[in-house]
Amino acid sequence: MRRFVVGRGRRLINHSHHYQNQKHHSHNHLLSSHYHSRFLSSTPVLDSPSSMAPNTSPPVTIDNLNPKVLKCEYAVRGEIVTLAQGLQQELQTNPGKYSFDEILYCNIGNPQSLGQQPITFFREVLALCDHPSILDRSETQALFSADSIERAWQILDQIPGRATGAYSHSQGIKGLRETIAAGIEARDGFPADPNDLFLTDGASPAVHMMMQLLTRSESDGILCPIPQYPLYSASIALHGGTLVPYYLDEATGWGLEISDLKKQLEDAKAKGVTVRALVVINPGNPTGQVLSEENQREIVEFCKQEGLVLLADEVYQENVYVPEKKFHSFKKIARSMGYGEKDISLVSFQSVSKGYYGECGKRGGYMEVTGFSPVVREQIYKVASVNLCANISGQILASLVMSPPKVGDESYESYCAERDGILSSLARRARTLEDAFNSLEGITCNKAEGAMYLFPRIHLPEKAIKAAEAEKSAPDAFYCRRLLNATGIVLVPGSGFGQVPGTWHFRCTILPQEDKIPAVVSRLTDFHKSFMDQFCD
């Protein structure tokens with residue numbers, strides 16, 4: 001049979017070549033013959049150069065990528081970090097090449113990468129849930145606390161098949177959502193519904209989900225603080241919306257002025273932009289401020305009056321370092337004002353990556369969605385279901401974060417010691433770095449009330465600004481790049497977060513371990529003095 005087909009194919013090839021030499025036959029006949037020869041011959045048939053010119057262009061180039069991707073930027077892992085990673089590789093292959101022996105990543109809120117230890121109780125429960133066969137072993141009682149064993153059994157009983165490697169409900173495991181809702185209710189003093197919770201792989205996917213739902217076109221806008229966490233500008237760009245900026249007031253400790261919100265809203269309307277939502281980050285990233293209750297009430301009232309969805313980024317709710325400030329969720333504030341489901345649409349984001357837990361790599365988090373109609377909720381669920389579900393370890397951690405050991409539990413005292421030790425150390429590091437920045441010529445730094453960052457303003461000499469322009473670089477990026485090359489310290493330029501035009505900043509985390517903070521201060525101080533001397537006007 002194969003010989004017959006091959007032979008027939010060869011005859012067809014010869015047949016087609018014969019016709020190619022006969023100019024009186026139609027072009028359509030040529031194509032038909034060529035088509036048959038390709039499908040019937042076991043020998044590849046080459047098209048003539050005239051009919052198939054080779055295409056040397058790659059199928060994907062920077063010119064034919066989705067323009068929304070090109071518009072998107074994420075400075076926290078941008079150019080400076082890429083340079084730092086290159087330096088780190090050089091240090092490994094040639095240790096004595098630079099005056100420093102390690103890269104200090106002060107660019108991102110990634111606590112465990114800088115030496116912070118995980119909470120023992122959380123990790124014990126995770127280990128037992130992932131390997132439940134050891135729960136019945138006698139040696140487990142000696143290795144794990146009684147309450148971690150009991151909690152692991154409780155969680156496993158809530159997971160279908162007791163399988164942490166299986167998919168869950170798209171909103172998250174129901175029993176874990178019930179635990180988280182109980183934790184929210186205990187925190188706020190107002191009821192929380194497990195059906196309002198969507199468990200996600202960290203807070204970032206929840207933010208993307210809401211931007212996707214709210215953004216129809218460039219004519220839809222989202223009010224975002226400036227400076228802001230670049231996740232928001234990136235997500236708005238990716239989903240084709242318009243970022244409507246409102247500026248935090250650095251002179252008043254990065255205060256949020258309602259008058260500026262109103263002005264920006266009206267300006268957006270005048271440009272034909274329909275503002276859909278307001279993003280508030282509390283405690284602030286990158287600015288570290290903690291909002292007052294009065295300011296929060298003003299924000300809730302503003303959103304209610306203007307019909308805006310309030311997107312409350314509350315992932316740093318455990319990170320408050322000043323006694324005169326307390327964290328209050330926006331849901332608590334709204335409910336205390338008498339506003340319920342029918343009065344305001346509110347989405348609150350939480351994550352296991354921050355706080356005192358710092359479990360960034362476990363990718364756990366959730367959003368609490370209130371004030372939306374059932375038909376809209378169905379659409380939110382549909383979008384969530386496209387991603388199937390959040391990872392189970394992250395879901396378990398989110399439940400543990402909102403329901404840690406209690407008085408009387410075996411782990412309670414050790415848990416409190418670990419938690420308080422981490423938070424008090426973060427507060428000391430914040431004060432040390434704040435004082436160091438304020439001691440440097442041309443740098444002013446607001447008080448770090450919360451979160452994990454400082455956002456100092458740097459008054460650069462004109463000579464430095466011109467040198468940056470010559471390199472086609474933002475002046476603060478110019479400063480950060482030189483700092484990295486001289487000291488190994490990685491900061492993020494303020495231009496990546498947005499800032500008042502004509503001002504320059506950088507973001508520095510407070511996360512290097514306390515024994516490394518003196519080295520950070522020393523290296524930064526020496527570099528800054530040298531920089532200012534070099535570029536003095």
Side-chain angles (χ1 to χ4, degrees), residues 62 70-88 90 97-100 103-108 225-230 233-234 237 243 245 247-251 254 286-288 433-446 453-509 520-537:
I62 197 71
L70 298 179
K71 186 179 178 182
C72 163
E73 294 183 356
Y74 188 66
V76 173
R77 291 179 181 259
E79 175 205 4
I80 304 295
V81 180
T82 301
L83 293 172
Q85 291 166 343
L87 286 176
Q88 189 167 27
E90 289 186 55
K97 184 174 182 180
Y98 296 97
S99 60
F100 48 89
I103 303 297
L104 290 171
Y105 287 96
C106 299
N107 62 299
I108 193 168
I226 300 295
Q228 52 97 28
Y229 175 41
S233 54
L243 188 149
Y247 288 91
L248 303 177
D249 185 3
E250 188 169 8
W254 301 111
T287 44
L433 287 168
E434 176 192 324
D435 291 343
F437 286 132
N438 281 320
S439 72
L440 299 178
E441 176 190 358
I443 291 184
T444 55
C445 183
N446 280 336
Y453 317 99
L454 294 165
F455 198 66
R457 178 177 178 180
I458 179 168
H459 301 262
L460 291 166
E462 190 62 31
K463 189 175 177 182
I465 293 174
K466 291 188 181 301
E469 290 172 351
E471 293 187 11
K472 297 182 179 179
S473 172
D476 46 12
F478 175 79
Y479 179 90
C480 290
R481 195 161 48 246
R482 282 179 163 252
L483 173 71
L484 169 64
N485 289 326
T487 68
I489 297 173
V490 188
L491 303 180
V492 188
S495 47
F497 300 89
Q499 53 200 343
V500 172
T503 67
W504 310 107
H505 300 78
F506 53 81
R507 189 184 80 164
C508 177
T509 73
V520 173
V521 171
S522 175
R523 290 190 208 177
L524 203 149
T525 300
D526 291 344
F527 165 79
H528 185 76
K529 288 178 179 177
S530 174
F531 181 93
M532 296 301 279
D533 287 343
Q534 180 181 355
F535 292 101
C536 66
D537 294 328

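Since this is a predicted model, take the numbers as computed values, not measurements.
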**OP:** To the nearest 0.5 Å, tell me how far Phe535 CZ sits from Lys466 NZ.
**Re:** 13.5 Å
**OP:** Could you pull out the closest heavy-atom pair between Glu434 and Leu454, with the gap in Å?
**Re:** N-CD1, 3.6 Å
Subject >> Residues that Tyr247 engages under side chain to side chain donor-acceptor pair (under 3.5 Å), provided they are two or more places apart >> reply: none
**OP:** Nearest 0.5 Å please: distance from the CD atom of Glu462 over to the CD atom of Glu469.
**Re:** 7.0 Å
Subject >> Over all atoms of both residues, closest heavy-atom pair of Pro245 and Ile226 >> reply: CB-CG1, 3.5 Å
Subject >> Criterion side-chain contact (heavy atoms from CB on, under 4.5 Å) on Gln499 and Ser495, from CA distance to verdict >> reply: CA-CA 6 Å; Gln499 53 200 343; Ser495 47; 3.7 Å; yes
Original post:
Going through the checks in order, is the side-chain contact (heavy atoms from CB on, under 4.5 Å) test met by Val81 and Ile108?
Top reply: CA-CA 10 Å; Val81 180; Ile108 193 168; over 6 Å; no
**OP:** Indicate yes or no: at least one non-hydrogen side-chain atom of Ile80 is less than 4.5 angstrom from one of Val492.
**Re:** no
**OP:** Identify the heavy atoms of Arg507 and Asn107 that sit nearest to each other, and give their distance.
**Re:** NH2-O, 2.6 Å
Original post:
If every non-hydrogen atom of Ser233 is compared with every non-hydrogen atom of Gln228, which pair is closest and at what distance?
Top reply: OG-NE2, 2.9 Å
Original post:
Do you know which two heavy atoms are closest between Pro475 and Leu460, and how far apart they sit?
Top reply: CB-CD1, 3.5 Å
Subject >> Ser473 vs Arg481 side-chain heavy atoms within contact, under 4.5 Å >> reply: yes
Original post:
Less than 4.5 Å apart, any side-chain heavy atom of Pro225 and any of Trp254?
Top reply: no
Subject >> side-chain contact (heavy atoms from CB on, under 4.5 Å) between Ile465 and Trp504, intermediate numbers included >> reply: CA-CA 10 Å; Ile465 293 174; Trp504 310 107; 4.1 Å; yes
Subject >> Note, Cys508 side chain near Cys106 side chain (heavy atom, < 4.5 Å) >> reply: yes
**OP:** Answer yes or no: are there more than 12 heavy-atom neighbours, outside Gln88 itself, under 6.0 Å from its atom CD?
**Re:** yes
Subject >> Over all atoms of both residues, closest heavy-atom pair of His505 and Ile458 >> reply: N-CG2, 4.3 Å
Subject >> Aromatic plane relationship, Phe527 with Phe531 - under 30° parallel, 30 to 60° tilted, over 60° perpendicular >> reply: tilted
Subject >> Spatial distance of atom CG (Leu524) from atom CG (Leu433) [nearest 0.5 Å] >> reply: 8.5 Å
**OP:** Kindly indicate, with the supporting measurements, whether the criterion side-chain contact (heavy atoms from CB on, under 4.5 Å) is fulfilled by His528 and Ile443.
**Re:** CA-CA 10 Å; His528 185 76; Ile443 291 184; 3.6 Å; yes
**OP:** Measure the spacing between CG of Leu491 and OH of Tyr105 and express it to the nearest 0.5 Å.
**Re:** 13.0 Å
**OP:** Working to the nearest 0.5 Å, report the span between NZ of Lys529 and CD of Glu441.
**Re:** 10.0 Å
Original post:
Which residue, Tyr229, Phe455, Phe506, forms the ring pair (Phe, Tyr, Trp, His ring centres under 6.0 Å) with Phe497?
Top reply: Phe455
Original post:
With a 4.5 Å limit on heavy-atom distance, are the side chains of Thr287 and Asn446 in contact?
Top reply: no
Original post:
Quick one: CD on Glu90 to CD1 on Ile103, what's the gap to the nearest 0.5 Å?
Top reply: 9.0 Å
